[in-house]
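Note sheet for the following structure.
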Amino acid sequence: MPAGLAGRVGPTGRVWATDLDTSWLTGPGTATTEVLRHDVTRDEPPATGLDLVHARLLLVHLPDRAAVLERLVSALRPGGWLVVEDADPALQPLACPAEEGPEGERAERIRRGFRALLAGRGADLAFGRSLPKLLRGAGLVDVQAEGYFPVTSPACRELEAATVRHVRGELTESGAATDAEIDAHLEWLAREDVAVTPAPLITCWGRSGES
């Protein structure tokens, strides 16, 4: 995303890429892109008067999401756009929309365990569908939204496996799955004939009113 935006703003534009963990940005920097470690729940935006603010899979995880949304909107120039992409796990909670036998039943149990971890951390599992109302409530106009719901692809399997690896310890501690079951689940996800799907992703955008 930062590289794509840098290509759009041209040599006189500027892009700020911010996160709590910036180690994911491994490519070379550019004259127009600055990478900052930034806690959006506490820190002010790196700049104001922006043409575009983009947040992906962020607000759904934050208990104080309303305050963070207000901070994002405050960084826009009049007429600037806010684009928020967030998941809605409750909109389609299944890991395997099609019947996958015992392996699919295990996948559903592990997915339920993961959703329980999210909820325990303060995530709103029905957040994505609320974005249009939230953006309008924040004073944005021309608000629109759309959903993305891939049924299956190699990327879906890779995302599921990466997620399970990341929270493996918490899944076993909570009793959602044993280490042996997680090993078997990861082996199953490596098969090309497996169909798993992530939660639907809702993209919502709106424009700051002219002043």
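Nothing fancy with the numbering, it's 1 onward along the sequence.
- Looking only at side-chain heavy atoms (C-beta outward), T197 and C96 stay at 4.5 Å or farther from each other.
- V196 has its side chain within reach of L189: a pair of non-hydrogen atoms, C-beta onward, lies under 4.5 Å apart.
- At distances below 3.5 Å, not a single donor-acceptor pair connects side-chain atoms of R121 with backbone N or O atoms of L118.
- Side-chain contact between F149 and L91 is absent, with no heavy atoms from C-beta onward closer than 4.5 Å.
- Looking only at side-chain heavy atoms (C-beta outward), R37 and L20 come within less than 4.5 Å of each other.
- Between E34 and R14 there is a salt bridge, since a side-chain N of the basic residue sits under 4.0 Å from a carboxylate O of the acidic one.
- Remark: C204 SG to R136 CZ distance equals 7.0 Å, nearest 0.5 Å.
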Q: Using the side-chain contact (heavy atoms from CB on, under 4.5 Å) rule, take L57 and L201 through it: C-alpha gap first, then chi angles, then the decisive distance, then the call.
A: CA-CA 9 Å; L57 297 175; L201 185 69; 3.6 Å; yes
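- The hydrophobic cluster containing L5 does not contain L76, counting ILVMFWY residues as joined when their side-chain heavy atoms lie under 4.5 angstrom apart, directly or transitively.
- With hydrogens and angles ignored, the 3.5 Å screen pairs no side-chain donor or acceptor of E170 with any backbone N or O of V167.
- At a threshold of 4.5 Å between non-hydrogen side-chain atoms, the residues L135 and L69 count as touching.
- For T172 (side chain) and G169 (main-chain N/O), a donor-acceptor pair under 3.5 Å exists by modelled atom type.
- Side-chain N or O atoms of E146 include none that pairs as donor or acceptor with a backbone N or O of Y148 at under 3.5 Å.
- Linking Ile, Leu, Val, Met, Phe, Trp and Tyr residues whenever their side-chain heavy atoms come within less than 4.5 Å leaves V83 and L62 in two separate clusters.
- With W16 as the fixed residue, the side-chain contact (heavy atoms from CB on, under 4.5 Å) test singles out one of V35, V53, L50: L50.
- Salt-bridge formation is detected for the pair D183/R168: a Lys NZ or Arg NE/NH1/NH2 atom is positioned less than 4.0 Å from an Asp or Glu carboxylate oxygen.
- Between P93 and R111 the shortest side-chain heavy-atom distance does not fall below 4.5 Å.
- The CZ atom of F127 sits 5.0 Å away from atom CG of L134, with the distance rounded to the nearest 0.5 Å.
- Residues E100 and W188 meet the side-chain proximity criterion, which asks for heavy atoms closer than 4.5 Å.
- A side-chain donor-acceptor contact under 3.5 Å links R65 to the backbone of V60.
- A 6.0 Å sphere centred on CZ of R42 holds no more than 12 heavy atoms belonging to other residues, nucleotides or ligands.
- Formation of a donor-acceptor pair under 3.5 Å by the E108 side chain with backbone atoms of A95 is found in this model.
- Between F114 and V164, the closest side-chain pair of non-hydrogen atoms is not below 4.5 Å.
- Considering only residues two or more places apart in sequence or on other chains, A176 meets the side chain to side chain contact (heavy atoms under 4.5 Å, CB included) condition with L171, S174.
- Linking Ile, Leu, Val, Met, Phe, Trp and Tyr whenever their side-chain heavy atoms come within less than 4.5 Å puts L59 and V73 in one cluster.
- Among residues at least two apart or in separate chains, salt bridge (charged side-chain N to carboxylate O under 4.0 Å, His left out) pairs with a member in residues 72-88 are D51-R77, R56-E85, D88-R129.
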